[in-house]
Every structure is written in C-alpha cells, then in structure tokens.
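Every chain is numbered from 1, with letters handed out A, B, ... down the list of sequences.
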2 protein chains.
Amino acid sequence: MEVLMGHPLTDDLGFLLSRASGAVVRATNTALAGHGLRVRQYSVLVLACDAAEGVTQRELADVLGLDPSQVVLLVDELAGRELVERRPSEADRRTRLVLATAAGRALREAAERDATAAVEAPLGLLADAERDRLRDVLTRIWTAAG
Amino acid sequence: MEVLMGHPLTDDLGFLLSRASGAVVRATNTALAGHGLRVRQYSVLVLACDAAEGVTQRELADVLGLDPSQVVLLVDELAGRELVERRPSEADRRTRLVLATAAGRALREAAERDATAAVEAPLGLLADAERDRLRDVLTRIWTAAG
DNA sequence: TATTGTTATACTCTATAACTATA
DNA sequence: TATAGTTATAGAGTATAACAATA
C-alpha cells in the first residue's frame, strides 16, 4: 500500500467525502438493523415525528435530496408497518401529509439512541468545535450544489 | 419547508455527510459521463496510472474501501476498453498487477480536467484552509471507522 | 401551465457466500 | 491455514420517463 500514500486521489475531496460517508452510513445501518430500519427510512421517520402538522412528500424529497418517486416507496414501507400514516391535506388536495404514529415515535426514540451511539465510532475523536465546522462546511457544499 | 429548518436531522453529521457526498459524486459522474467513466472506474484508473510498478487488486480494494469482488468487475471493465491491463506478478503468482495503458493515461488526463472543473460548483466557495481541514477530518473519520 | 404524488423500468452500488490457486 | 483473485446472486440505492389529479 506504500505506493498509494499521499496520492492525489486520496487528497481529492470528492473521494474522501464518499469514503467517509460510506463508513458512517454503514455504521448507522448496522445500528438500525435491529429496529428493521435503514438510514433512508429512518430519516423519513425522524422528519415525520418532528413535524407536528405533518410533512409533505415534496418537502421530504427536498430535504433528503431524493427524487419524489423514491419518497413514495419509503413512505409506503413505513406506512405498511404503521409507523407513519398519510393524511390528505385540507388546504391542497394534491398533497398528502405524512405523520408519525405512536408506534413510529416509540421506534424513533429507540433507534435514535442506537444510531447516535454507533456513529461515535467513526466520529468519536472529533472535538465539538470540529463537528460544528464540519456541519457548516457540509451544509454549504449541499447549498452550493443545489 | 419552514418546519424543517434547524431540525435535528439536518444537524446530524452522518446525514450531512451522505447528502454532501451524493451531491459531489453526482456532479463528478456528470462530468465523467462524456468519457464513458463513472467515479469508481475513474478512481481505479487514476490509481493504476500513478503506480509505476502497478497496483494489486487487494491494494485497490483497501484504498477505495471496496470489496475485492467489486474491484474485479471494475478492472474487467477498464481492461475490456484497454485502458488498463493485468500483468502477473513475478514475486507472488497469486497477485495480478493492474497497470494503465497509454490510452488509459490519455483518458485519465482529459477526464481529470473535467472532473476537477465540475467539482468546483459544490466546493468552489471553500477557502484553501477549509479544504485542508476538511481533508484532514474526513481522513480521520475513515481511519477511525477502519 | 405547473405542481404533487404515483407507477414503472433500468441501471448502479453494496453485501455475502463460495470457490481456485497460490503462499 | 491464510491470502489474492474470481464468480454468482440478491438486495439497496439512483436516475428517468410518463401519467392522473389538482392547483
């Protein structure tokens, strides 16, 4: 492996980003597996839980950076397990609000604890200030790409 | 979308990491498409080009964070287009060294220019010092996850 | 005309297991 | 026994296009 140290590729931010992201997602998925969730389903569940009035699927797609057609499937899956439900919006009959059920909220709490703990393996040695900076930089990358 | 601003999920480093990574990979893939490459094939090509003595597939798997079985397919693809070739190692007859051909080197140069330019959209507003810090942090995340 | 949600489809990526040939 | 490479397969993620209902 000696020949590959300090290589241009291993200095490439895109490469480093996807490799680090993959590692963290893998760790999170492992932690969520016991709850029958994966990161994408979990993300939808969390957003539904925290939106008192419900979230539209369009909003979910925008925040998560997914195509609306993918959101349909994720919500289908969660709804099938009765972790969320779709409720027609009164203001706009095209939209359907996604809301968490009591079971969904309970599962989210348990899953969140495990997910948070698991991510400490790859992220544990980052100081609070570094986390804040990383958060800021990643958000700016996302915004600039939008 | 108002209800989702400053939300716990959008502060989660794992979530931010995968969203930012996705954006950069998407931009890179778009830039590489004209060369008939995607990031993974491109990464293998770059590493093969820069290893004068060739790289083993095991080394590629370790650096890229991929399973060896995935590397086989990536190298097959590049070899099929005669961008790299497999040469048996004299030291260890189990290993096969991957080396870039002249065509592979030429394609890498052209592809690298486009990929670098494309990534400036999402990463352009990061100052040099920020890039260095980000590089460092992402490398540490990968190392800690290893 | 534009937007929300939906269905369908094809392709890429990821994860595993099992096998071979060499060490 | 362990390692490098290979084959095969299934599941998850991504990317598009087209459509109905509603705005």
Side-chain angles (χ1 to χ4, degrees), chain A residues 1 15 17-19 21-30 32-33 36-44 48 54-80 84-98 145, chain B residues 1 14-15 17-19 21-30 32-33 36-44 54-80 84-98 145:
Chain A
M1 182 101 77
F15 170 73
L17 226 23
S18 81
R19 212 178 52 167
S21 161
V24 174
V25 167
R26 237 177 330 263
T28 309
N29 275 336
T30 300
L32 292 174
L37 292 171
R38 298 177 61 77
V39 280
R40 302 170 68 199
Q41 288 78 0
Y42 172 71
S43 299
V44 170
V55 204
T56 70
Q57 297 188 183
R58 173 65 51 174
E59 287 172 324
L60 289 170
D62 288 343
V63 176
L64 298 174
L66 300 175
D67 190 86
S69 64
Q70 297 170 28
V71 174
V72 172
L73 301 177
L74 293 172
V75 173
D76 280 353
E77 224 176 303
L78 294 174
V84 302
E85 58 177 3
R86 288 186 174 98
R87 182 181 303 168
S89 163
E90 298 178 359
D92 183 339
R93 283 189 302 174
R94 288 175 304 181
T95 75
R96 306 175 69 185
L97 297 169
V98 178
Chain B
M1 182 104 75
F15 170 74
L17 226 24
S18 81
R19 212 178 52 168
S21 162
V24 174
V25 167
R26 239 180 326 266
T28 309
N29 276 335
T30 301
L32 292 174
L37 292 171
R38 298 179 60 78
V39 280
R40 296 163 42 133
Q41 287 79 0
Y42 172 72
S43 298
V44 170
V55 205
T56 70
Q57 296 187 183
R58 173 66 50 173
E59 286 172 325
L60 289 170
D62 288 342
V63 176
L64 298 174
L66 300 174
D67 190 86
S69 64
Q70 297 171 28
V71 174
V72 172
L73 301 176
L74 293 171
V75 173
D76 280 353
E77 225 178 302
L78 294 174
V84 302
E85 59 178 3
R86 286 187 174 99
R87 181 181 304 169
S89 163
E90 298 177 359
D92 183 338
R93 283 188 304 174
R94 288 175 305 182
T95 75
R96 305 175 70 184
L97 297 169
V98 179

Item to check | Nucleotide dG13(D), atom C1' - distance to CD of Q41(A) in whole Å | outcome: 10 Å
Show the atom names and distances, to 0.1 Å, of all donor-acceptor pairs under 3.5 Å that link a side chain in residues 64-78 of chain B to residues at least two apart or in another chain.
| residue | atom | partner | partner atom | Å |
| --- | --- | --- | --- | --- |
| D67(B) | OD2 | S69(B) | N | 3.0 |
| D67(B) | OD2 | S69(B) | OG | 2.7 |
| D76(B) | OD1 | R86(B) | NH1 | 2.9 |
| D76(B) | OD1 | R86(B) | NH2 | 2.9 |
| E77(B) | OE1 | Q41(B) | NE2 | 3.2 |
| E77(B) | OE2 | Q41(B) | NE2 | 3.3 |

Checklist entry - Reading DNA chain C 5' to 3', which nucleotide is the first, and which the last, to come under 4.0 Å of any heavy atom in chain B? => result dT12(C) to dA23(C)
Checklist entry - Looking at the side chain of L66(A), which of dG13(D), dA15(D), dT14(D) is the nearest nucleotide? => result dT14(D)
Next on the checklist: Please compare S69(A) and L74(B) by the position of their nearest nucleotide in DNA chain C and report the one closer to 5'.
Outcome noted: S69(A)
Checklist entry - Which residues satisfy the salt bridge (Lys or Arg N to Asp or Glu O under 4.0 Å) test with R87(B), sequence neighbours excluded? => result E85(B)
Item to check | Between C1' of dA8(D) and CG of L73(B), the distance in whole Å | outcome: 10 Å
Show the distances under 3.5 angstrom between N or O atoms of the protein and N or O atoms of nucleotides 19-23 of chain D.
| residue | atom | partner | partner atom | Å |
| --- | --- | --- | --- | --- |
| dA23(D) | OP1 | R93(A) | N | 2.9 |

Next on the checklist: Both T56(B) and G22(B) contact DNA chain D. Taking the nearest nucleotide for each, which residue is further toward the 5' end?
Outcome noted: T56(B)
Item to check | Value in whole Å for how far the C1' atom of dA12(D) lies from CD of Q70(B) | outcome: 13 Å
Checklist entry - Mind checking what makes side chain to side chain contact (heavy atoms under 4.5 Å, CB included) contact with S21(A), not counting sequence neighbours? => result V25(A), L17(B), S18(B), S21(B)
Next on the checklist: Tell me the interatomic distance from D67(B), atom CG, to dT9(D), atom P, rounded to whole angstroms.
Outcome noted: 17 Å
Checklist entry - Is the shortest side-chain N/O distance from Q57(B) to OP1 or OP2 of dT6(D) below 4.0 Å? => result yes
Checklist entry - Minimum heavy-atom separation for Y42(B) to L37(B), with atom names? => result CD1-CD1, 4.2 Å
Next on the checklist: I'd like to check the side chain to side chain contact (heavy atoms under 4.5 Å, CB included) partners of S89(A); sequence neighbours left out, ordered by chain and number.
Outcome noted: A91(A), D92(A), T95(A), L97(A)
Checklist entry - Which part of the nucleic acid, if any, lies within contact of R58(A), taking any heavy atom under 4.0 Å across all strands shown: a base, the sugar-phosphate backbone alone, or nothing? => result base
Checklist entry - If you measure from CZ on R26(A) to CG on N29(A), what distance do you get to the nearest 0.5 Å? => result 9.5 Å
Checklist entry - OP1 or OP2 of dG11(D) sitting under 4.0 Å from any side-chain N/O of R38(A)? => result no
